[in-house]
Protein chains: 2
Amino acid sequence: MASRICLIEDEPTIRELVSMKLVQQGYSVDSFDEAERVMQNSEQLWELYIVDLMLAGEASGLELCRWLKEKQPTLPVLILSALSEPLDRIEGLKVGADDYLTKPFEMEELLLRVEGMLKRRSWYASLPSNLSVFEWDDCAVDFVKFEGRRGKEPFSLSQKECMLMKLLIEKENQVVSRDEILNQVWGYDVFPSSRTVDNFILKLRKYFDNPGKPKYFHSIRGAGYKFTKKGIL
Amino acid sequence: MASRICLIEDEPTIRELVSMKLVQQGYSVDSFDEAERVMQNSEQLWELYIVDLMLAGEASGLELCRWLKEKQPTLPVLILSALSEPLDRIEGLKVGADDYLTKPFEMEELLLRVEGMLKRRSWYASLPSNLSVFEWDDCAVDFVKFEGRRGKEPFSLSQKECMLMKLLIEKENQVVSRDEILNQVWGYDVFPSSRTVDNFILKLRKYFDNPGKPKYFHSIRGAGYKFTKKGIL
DNA sequence: TTTTTTTATGACAGTCCTGTGACAATTTGG
DNA sequence: CCAAATTGTCACAGGACTGTCATAAAAAAA
């Protein structure tokens, strides 16, 4: 499916040009000339934002960026800025999945960046509840840092561990079958043995739970596994 | 688009000559004979300033330089000075992006410096913050001087080393994938082997960390690298 | 130009993650 | 209670990924 891009740029010429190019590339583009239009919308509708820092309306592009970042730190925002932009406006924006382009820019360059950003988006975009950190009791998982924590000291998590954790959290309180786990975490084309999943559950239990007497990571015989935030014995 | 250059020089002959040459090279030049003219303008209109230190007006070239530096430390200023000028006056001024030429100078020389400074400008424009120096523990990186420091003695950093450092600092505590590193540091159209990135991480570790047992530059298997200011073992 | 520095690549070693099978433990149904 | 099926746990092997070096290629400086 086509990626949805939100373009905020007040110069009609540039807006048209960029929009056209992006559509030509198969993206679905909605363009606006004022930041307010986007902010009115509380839903997260787009997968990538292209924002001109110098906007004419009430809210500047800068404010829009802050607003977006606040809503979801990992949202990819491609910033367009004029060369002469005072630096302090740029300050503080360099968080998350951002990228910069200074005007004037090559259209090719823009397309390449858009492509690259969208490619990277996938992992962050699907974070549970849009937060990068999930906490329960004395435990926590940071999906951006690939870290877990129980009590005070953080430890690093491997990719698979992180992905499995993510899946279980997304489906909190639901039973997730081994099949589903394999499909979601390992992919549709790989089929490791069924023991593999058990082993990873075991690891998670060692990290965050009590093997042999799990509170959070329950196994439902014949069905799969279930993660519960509020521990149940 | 043509780069905009601001030339402040009170000798009409030289002013005309330099201005003409620069325009010939495709730059857009505005020339003034008094420092005040420039200072009246609070907007940042030019991308490069060429300033004669010995100006006749109320404000000297020296003051103009200070004024510019205050407004924005990373603004590129090319200083013209007579040979007889005491060097120590200049020393303090020559910060980072600056360069200076002693009169009389070859026009070729001037053009080369202008070109070089403008090429570097885009880099300064995207510094992590208004600050050109980032410090942690006993280490520091100066993005304007392209220098690193661990303990007392500074050492110079290459461009790529600096850019990688910048990226990692911008994304402090986040895992940055090799893909993203390649895109951000090397560009969207070049694709060096994956080993290349590792090698640069190795260099940074040698400079600022402890290879084999990194505190600041962590590698997340299968995901990428992560920089942490407060060292973690 | 020549010289020097910087960047890129490939080889190789070492590390740690993954996946597997064996076996124990547990649950379920008869 | 027993048997079958399922799950828990472990140790190990294979492999993917990373660390490191030497060296080649390229770029910059002299």
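Letters A, B, ... mirror the listed sequences (proteins, then strands); counts begin at 1.
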Asks: Between dT18(C), dT6(C), dT9(D), which nucleotide gets closest to the side-chain atoms of Pro211(A)?
Replies: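 For the Pro211(A) side chain, the nearest candidate turns out to be dT9(D).
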
Asks: With the side chain of Lys206(A) defined as its heavy atoms from C-beta on, choose the nearest nucleotide among dC21(D), dC10(D), dG8(D).
Replies: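 Output: dC10(D).
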
Asks: Could you pick out which residue, Glu161(A) or Pro192(B), lies toward the 5' side of DNA chain C when each is mapped onto its nearest nucleotide?
Replies: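 Nearer the 5' end of the strand: Pro192(B).
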
Asks: Considering only side-chain heavy atoms of Thr196(B), which listed nucleotide, dT18(C), dA8(C), dT7(C), is closest?
Replies: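 My answer, after comparing the listed nucleotides, is dA8(C).
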
Asks: Here's a test of your reading of the structure: between Gly212(A) and Gly212(B), which maps to the more 5' nucleotide of DNA chain D?
Replies: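 The residue closer to the strand's 5' end, by nearest nucleotide, is Gly212(A).
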
Asks: Output the single nucleotide from dA22(D), dT18(C), dG8(D) whose closest atom is nearest the side chain of Tyr225(A).
Replies: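 Side chain of Tyr225(A) sits closest to dG8(D).
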
Asks: Tell me which nucleotide among dT7(D), dG19(D), dT9(D) gets nearest to the side chain of Leu202(A).
Replies: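 Within the option list, the nearest is dT9(D).
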
Asks: Distance only, no hydrogens: is a donor on one side chain within 3.5 Å (strictly under) of an acceptor on the other, for Arg205(B) and Tyr216(B)?
Replies: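 On atom types as modelled, these side chains do not qualify, holding no pair under 3.5 Å.
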
Asks: Tell me: CD1 of Ile201(B) to P of dG19(D), nearest whole Å?
Replies: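 For the pair Ile201(B) CD1 and dG19(D) P, the rounded distance is 8 Å.
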
Asks: Students often mix this up, so state it plainly: with edges at 30° and 60°, are the rings of Phe155(A) and Tyr207(A) parallel, tilted or perpendicular?
Replies: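 If you compare the ring of Phe155(A) with that of Tyr207(A), the planes turn out parallel.
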
Asks: Between dA8(C) atom P and Gln159(B) atom CD, what is the distance in whole Å?
Replies: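 Whole-Å distance recorded here is 10 Å.
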
Asks: Looking across every strand, which nucleic acid part, if any, lies under 4.0 Å from Ile220(A) by heavy atom: base, sugar-phosphate, or nothing?
Replies: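 Contact class for Ile220(A): sugar-phosphate only.
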
Asks: Measure CH2/Trp186(B) against P/dA8(C) and give the value in whole Å, please.
Replies: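 Atom CH2 in Trp186(B) sits about 6 Å away from atom P in dA8(C).
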
Asks: Can you tell me the distance, in whole Å, between the CZ atom of Phe217(B) and the P atom of dT20(D)?
Replies: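 Taking atom P of dT20(D) as the reference, CZ of Phe217(B) is at 13 Å.
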
Asks: Taking the nucleotide of DNA chain C with the nearest heavy atom to each, does Val197(B) or Arg221(B) sit closer to the 5' end?
Replies: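 The answer here is Val197(B).
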
Asks: Does some side-chain heavy atom of Ile50(B) sit less than 4.5 Å from a side-chain heavy atom of Glu9(B)?
Replies: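 Result no, sub-4.5 Å side-chain heavy-atom pair not found.
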
Asks: Calculate the interatomic distance between Arg195(A) atom CZ and dC10(D) atom P; express it in whole Å.
Replies: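 The answer, rounded to whole Å, is 14 Å.
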
Asks: Whole angstrom is fine here: how far is it from CE in Met163(B) over to P in dT6(C)?
Replies: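 That distance rounds to 16 Å.
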
Asks: Any side-chain heavy atom of Ser219(B) within less than 4.5 Å of one from Ile201(B)?
Replies: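 In short, these two side chains do not touch, never coming nearer than 4.5 Å.
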
Asks: Give the nucleotide from the list dG8(D), dT20(D), dT9(C) with an atom nearest to the side chain of Ser193(B).
Replies: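 For Ser193(B), the side-chain atoms sit closest to dT9(C).
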
Asks: How many Å lie between CG on Asn199(B) and P on dC21(D), as a whole number?
Replies: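 Those two atoms, CG and P, are 10 Å apart.
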
Asks: Report the distance from atom NZ of Lys203(A) to atom P of dG8(D), rounded to the nearest whole Å.
Replies: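 From Lys203(A) NZ to dG8(D) P: 16 Å.
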
Asks: Quick check: do Glu170(B) and Lys166(B) have side-chain heavy atoms less than 4.5 Å from each other?
Replies: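 Yes. Closest side-chain heavy atoms under 4.5 Å.
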
Asks: Are Ser219(B) and dG19(D) close enough that a side-chain N or O sits under 4.0 Å from OP1 or OP2?
Replies: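 So the side-chain polar atoms of Ser219(B) do come within 4.0 Å of the phosphate oxygens OP1 or OP2 of dG19(D), strictly under.
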
